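Heads up, the thing below is written out as structure tokens.
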Amino acid sequence: LAIFLVVLQHHELPTVLLDWVNSFLMVLFFVLSGYFWHLRPIKDEVKNGLRFLIMPLWITKIVWVILLLFLYFKSGVYTGPNLKDWLMGGLLEKGYFCMAVIWFLYALFWGRVLLCFIQTYLLRWTTLCVLSLFFMPFIFRDWWYSKFGCVSFPFYILHGMVVPLLLMIGNYLRQVSFFEIKSSFIKILFILALILMPIPLLFVSLYFPYLFWNVVASTISTIGFVFVCKYIAECKECHYFVSFLSFVGKNTLAILCFHAIEMATQADRVLPSFVPLYIKGVCMFFVILLSLYFLRKITLIRTLFNIK
């Protein structure tokens, strides 16, 4: 459900719905990543992150560049950027090499590595270190923007500094078995919070108007969202729908990468112009799923994007 909302939010949802989705969606991904995260040797953490996060990201970028070059040369004359612009765009995530849709993978990689380092070498100071990292990006953000004209520090390292706090929250929720609570009253409270109390934030722009309180509100909304998903998963009448959601959930990474290419190539333009953009988003989501269903039969693609 969350990755479905990601695709929809990039196709101009109505403002009220877009603000609601943005208030918790990216925090949800990081908190749930923390829920399933386990401490491992830092060397293994880096190796795992490069294999399952950074490699799919850069393969997606390379595919996008090849498609872009094809479109440039299609007319017989190259009218694209020079080599310097290509390289700077790749480093600063701006211009022609920018694929902002998958910035999340960079941030998750840095967040996991930083939390692994802190819990391995600075365990006694974990809380202080994680909170310090959380506030640092907001100190440097304005200076970086005034100097380079973009919020994105190379490879989204600044965004990654915010992530350890969210990973730690998710990890704590797992340790206390929070999502296993039986009280219907508590579940209803969190679900109501999901609907009624979102506080707008925009993670990709590091726009957290209330800083730590944005995290608190988003985490509460995240818990409500998970309770809704658990209810659906446990509903016997929704067996086929749950199987469908399971397929989508296992292939979130591949869907994100394919969606990045879809956005970069503006594939939704093949649909009639009178179709609302959010309807185009729904159509593109199912086109991506259909593509995954058939492409997973190709061993190389299945391995590179970890398609299940």
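A quick note: this is a predicted structure, and the numbers were derived from the prediction, not measured. Note: hydrogens, waters and symmetry copies are ignored here, and every other heavy atom, side chains too, is used.
The CD1 atom of I191 sits 14.0 Å away from the CD1 atom of I220 when rounded to the nearest 0.5 Å.
Within the structure, every pair that satisfies the side chain to side chain donor-acceptor pair (under 3.5 Å) test and touches residues 164-177, not counting sequence neighbours, is listed here: N171-Q175. Within the structure, every pair that satisfies the salt bridge (charged side-chain N to carboxylate O under 4.0 Å, His left out) test and touches residues 179-204, not counting sequence neighbours, is listed here: E180-K230. Applying the side chain to side chain donor-acceptor pair (under 3.5 Å) test to every pair with at least one member in residues 123-134, sequence neighbours left out, gives no pairs at all.
W37 pairs by the side-chain hydrogen bond (donor to acceptor under 3.5 Å, both in side chains) definition with E45, not counting sequence neighbours. Among residues two or more places apart in sequence or in another chain, the side-chain hydrogen bond (donor to acceptor under 3.5 Å, both in side chains) test is passed with E234 by none. Checked against ring-ring contact (aromatic ring centres under 6.0 Å, His included), F208 has the following partners two or more places apart in sequence or in another chain: F138, F203. Contacts of F117 classified as ring-ring contact (aromatic ring centres under 6.0 Å, His included), with partners at least two apart in sequence or in another chain: Y121. Annotation: side-chain hydrogen bond (donor to acceptor under 3.5 Å, both in side chains) contacts of H259 (sequence neighbours excluded): H10, E262.
For the pair K61 and W58, the cation-pi test (distance below 6.0 Å, angle within 45°) is passed.
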In a table with atom names and distances, give each donor-acceptor pair under 3.5 Å that connects a side chain of residues 20-28 to protein atoms at least two apart or in another chain.
residue: W20; atom: NE1; partner: L194; partner atom: O; Å: 2.8
residue: N22; atom: ND2; partner: L18; partner atom: O; Å: 3.4
residue: S23; atom: OG; partner: W20; partner atom: O; Å: 2.6

Run the side-chain donor-acceptor check on residues 244-256: report pairs under 3.5 Å with partners two or more places apart or on a different chain.
residue: N251; atom: OD1; partner: K308; partner atom: N; Å: 2.6
residue: N251; atom: ND2; partner: F247; partner atom: O; Å: 2.8
residue: N251; atom: ND2; partner: K308; partner atom: O; Å: 3.4
residue: T252; atom: OG1; partner: G249; partner atom: O; Å: 2.9

May I have the list of side-chain donor-acceptor pairs in residues 284-294 shorter than 3.5 Å, sequence neighbours left out?
residue: S291; atom: OG; partner: V287; partner atom: O; Å: 2.9

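Clustering of Ile, Leu, Val, Met, Phe, Trp and Tyr side chains at separations under 4.5 Å leaves V16 isolated, with no partner residue.
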